[in-house]
Amino acid sequence: MTYHYDTTGRVCYLMQDITMLQKEILRLKKQKNAFILAHNYQRPEIQDIADVIGDSLELARAAVGKKGDIIVFCGVDFMAETAAILSPEKTVLLPATDACCPMAGMVSSDELRFARTRHPDAAVVCYVNTTADVKAESDICCTSANAVKVVNSVKEDTVIFVPDKNLGQYAARFTKKTVLPWEGFCLVHDRYTPSEVARAKEEHPGAVVLVHPECRPEVIDCADHVASTSGILNHVKSDPQNEFIIGTENGMLHRLAKECPGKHCYPLSDKAVCVNMKKTDLVKVRDALVTLKPRITVPEEIASRARGAIERMLAL
C-alpha cells in the first residue's frame, strides 16, 4: 500500500488506497460487531466510514443507544472516555492515542476542588471537553449545543463554568445566574478575530455568518447566528439563503458539502484546523479493529461519579 505524510505529519493516501482501507474497515467492523463514531471535525475519509457523525452531545447519545460490542471512537481522548463511562460493557477504542484536547487539560480536579471551597454555594457545570476526573468533581456536564439549557437547569444562583471561558461567557448572556467562567479556551475557536469576520464578509457579501459559541465574545457579536456544529448544520439545511461563512473547525465543511447540496459554505479561516482531530487516519482505525487496541477505560470509582454528571445532562 502506498501512502505518504504531509508537512504536518498526517498520513495521506492515494485514492485507490482510501477505497481499499475503507472496504477492509467495513469488513472488520461487521466481523467484530463494532460501530464507528466520528466527530464532525474528523478527516473526510474517516467521516465517510462512520456509523454516526456528530457533535459531542450526539456522539454521547450514540455511545449509549447504538447496539454493538465495540465502539471505535474517531475523535479525541475525552470523547472516548465519555463513551467508556456511559457504556462500560462495551470495548471503547481510540485509534489515535495521542489525540488530546488541549482545552481539557486547562482544568484539573485539584483546581476544581479548590474553586469549590472558594464558592461553596455554587454549582459546577463542566463542559464535556474535560477529563473524567474533572467530570467526577462536577454537578452536571454540558456541550456547546445545550450549555445555556444546562446552566439554567441548576437550582443554584451561581455557576462555576469549566473550562471554556468563551462558552461560559456566551451562556451568561442567556441567564440571570452569576456565571464564573474558567480561563480555558479552544485553540481553534479562540483564534478567530473580528477582522477575519469583516474580511470574509467582504469576500462573500450577503453570506450568512455562523460561528461556534467557543469563539470570543467580540467575534460572536459580529456573527449572524451562533450555534454548535449540529446547530450550524441544521441552520444551513433550513435557511433559504445559499451562502454561508462557517466559523468552526474546517472538518465541518465536508459534512456540510455532503448533506447540504446546492449550498455554498466558506471557511471563516483556512487556518481553523484542530491538529489533534486530524490524528486519526484509516490505518489507525483498521489496526484498532484488528488488535482491539488502544482501549480506553476509566476506573469505576471515577466513572461512577462522572457518569452522574453526564447522565444529568442527557436527562434534560
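Residue numbers run from 1 in the order of the sequence given.
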(message) Side chains of V273 and V188, heavy atoms from C-beta outward: is any pair under 4.5 Å?
(response) no

(message) Under 4.5 Å between side-chain heavy atoms, counting indirect links through other Ile/Leu/Val/Met/Phe/Trp/Tyr residues: same cluster for L180 and V124 or not?
(response) yes

(request) Grab the two heavy atoms, one from D281 and one from R43, that are nearest each other, plus how far apart they are. (result) CB-NH1, 4.5 Å

(request) Measure the shortest side-chain to side-chain distance between I310 and T82 over non-hydrogen atoms and say whether it is less than 4.5 angstrom. (result) yes

(request) Answer yes or no: is there a donor N or O on one side and an acceptor on the other, between the side chain of S138 and the main chain of V134, under 3.5 Å? (result) yes

(message) Are V76 and C101 packed together at the side-chain level, in the sense that at least one heavy-atom pair is separated by less than 4.5 angstrom?
(response) yes

(request) To the nearest 0.5 Å, tell me how far E196 CD sits from I245 CD1. (result) 11.5 Å

(message) Using a 3.5 Å distance criterion without hydrogens, assess whether the side chain of Q169 forms a donor-acceptor pair with backbone atoms of P181.
(response) no

(message) When you group the ILVMFWY residues by side-chain heavy-atom contacts below 4.5 Å and let the links chain together, are L316 and I85 in the same group?
(response) yes

(request) Would you tell me whether H119 and T158 have side-chain atoms, one donor and one acceptor, within less than 3.5 Å of each other? (result) no

(message) When you group the ILVMFWY residues by side-chain heavy-atom contacts below 4.5 Å and let the links chain together, are F73 and F35 in the same group?
(response) yes

(request) Return yes if some donor-acceptor pair links the side-chain N/O of N250 with the main-chain N/O of S269 below 3.5 Å, else return no. (result) yes

(request) May I ask you to decide whether D139 forms a salt bridge with R116, counting only side-chain N to carboxylate O separations under 4.0 Å? (result) yes

(request) Start with the C-alpha gap between R61 and L314, add the side-chain angles, then the distance that decides, and say whether side chain to side chain contact (heavy atoms under 4.5 Å, CB included) holds. (result) CA-CA 8 Å; R61 293 190 187 280; L314 295 176; 3.9 Å; yes

(message) Quick check against the 3.5 Å criterion: does N146 have a side-chain atom that pairs as donor or acceptor with the backbone of T143?
(response) yes

(message) When you compare the side chain of I296 with that of D77, does any pair of heavy atoms fall below 4.5 Å?
(response) no

(message) Is a donor from one side chain sitting under 3.5 angstrom from an acceptor on the other, for H254 and D48?
(response) yes

(request) State the CZ-SG distance between R307 and C141, to the nearest 0.5 angstrom. (result) 12.5 Å

(message) Can you see whether S144 engages Y170 through a side-chain donor-acceptor pair at a distance of less than 3.5 angstrom?
(response) no

(request) Answer yes or no: does atom CD of E203 have more than 12 heavy-atom neighbours from other residues, nucleotides or ligands under 6.0 Å? (result) yes

(request) Work out which heavy atom in E218 is nearest to a heavy atom in C222; give both atom names and the distance. (result) O-SG, 3.2 Å

(message) Is the shortest side-chain heavy-atom distance between P217 and R173 below 4.5 Å?
(response) yes

(request) Please tell me if the side chains of M103 and L187 come closer than 4.5 Å, counting only heavy atoms from C-beta onward. (result) no

(request) Spell out, yes or no, whether V128 and I160 are grouped together once hydrophobic residues are joined by side-chain heavy atoms under 4.5 Å, including indirect joins. (result) no

(message) If you define the side chain from C-beta out and look only at heavy atoms, does anything of L289 sit under 4.5 Å from E24?
(response) no

(message) Go through it in stages, so that I can follow the logic: the residues are E243 and Y266, the test is side chain to side chain contact (heavy atoms under 4.5 Å, CB included), and I'd like the CA-CA distance, side-chain angles, deciding distance and then a yes or no.
(response) CA-CA 8 Å; E243 289 194 304; Y266 313 106; 2.5 Å; yes

(request) Return yes if some donor-acceptor pair links the side-chain N/O of W182 with the main-chain N/O of L112 below 3.5 Å, else return no. (result) no

(message) Is it the case that the side chain of D224 and the backbone of V209 share a donor-acceptor pair, with hydrogens and angles ignored and the cut-off at 3.5 Å?
(response) yes

(message) Under the side-chain contact (heavy atoms from CB on, under 4.5 Å) test against L26, which residue among K23, K29, K30 passes?
(response) K29

(request) Verify the distance criterion only: is there a donor paired with an acceptor across the side chains of N166 and R216 at less than 3.5 Å? (result) no

(request) Return yes if a side-chain donor-acceptor contact under 3.5 Å exists between S108 and E111, otherwise no. (result) yes

(request) Please round to the nearest 0.5 Å and tell me the distance separating atom CG of D17 and atom CD of Q22. (result) 11.0 Å

(request) State, to 0.1 Å, how close G231 and A227 come at their nearest heavy-atom pair, and which atoms those are. (result) C-CB, 3.6 Å

(request) Say whether, by atom type as modelled, one donor and one acceptor occur between the side chain of Y192 and the main chain of T248 under 3.5 angstrom. (result) yes

(message) For the CZ atom of R286 and the CG atom of L28, what is their distance to the nearest 0.5 Å?
(response) 8.5 Å

(message) Looking at D190 and C186, would you say the former's side chain and the latter's main chain have a donor-acceptor pair under 3.5 Å?
(response) no

(message) Grouping I, L, V, M, F, W and Y whenever their side-chain heavy atoms are under 4.5 Å apart, do V72 and V283 come out in a common cluster?
(response) yes

(request) Please confirm whether the backbone N or O of H189 pairs with a side-chain atom of E214, one donor and one acceptor, at under 3.5 Å? (result) no

(request) Please name the pair of heavy atoms, one in L93 and one in A288, separated by the smallest distance, quoted to 0.1 Å. (result) CD1-O, 3.4 Å

(request) Can you measure from CD1 (I71) to OG1 (T91) and round to the nearest 0.5 angstrom? (result) 9.0 Å

(message) For a quick test of reading the model, state the closest non-hydrogen atom pair linking V236 to C265 and the distance between them.
(response) CG1-SG, 4.1 Å

(message) Can you see whether K237 engages N234 through a side-chain donor-acceptor pair at a distance of less than 3.5 angstrom?
(response) no

(request) Mind running side chain to side chain contact (heavy atoms under 4.5 Å, CB included) on L233 and L256 for me, showing each step along the way? (result) CA-CA 6 Å; L233 176 66; L256 287 167; 3.7 Å; yes

(message) On a heavy-atom basis, which atom in A104 and which in T131 lie closest, and how many Å separate them?
(response) O-CG2, 4.1 Å

(message) Closer than 3.5 angstrom, by distance alone: can the side chain of T130 be matched with the main-chain N or O of Y127 as a donor-acceptor pair?
(response) yes

(request) Taking only Lys NZ, Arg NE, NH1 and NH2, and the carboxylate oxygens of Asp or Glu, determine whether D110 and R113 approach each other closer than 4.0 Å. (result) yes

(request) Could you tell me whether K278 and E249 have a side-chain N and a carboxylate O separated by less than 4.0 Å? (result) yes

(request) Please test I70 against N33 for side chain to side chain contact (heavy atoms under 4.5 Å, CB included), starting from the C-alpha separation and ending with a verdict. (result) CA-CA 7 Å; I70 298 167; N33 193 27; over 6 Å; no

(request) Measure the shortest side-chain to side-chain distance between L59 and H39 over non-hydrogen atoms and say whether it is less than 4.5 angstrom. (result) yes

(request) Identify whether the distance between the nearest side-chain nitrogen and carboxylate oxygen of D98 and K279 falls below 4.0 Å. (result) yes

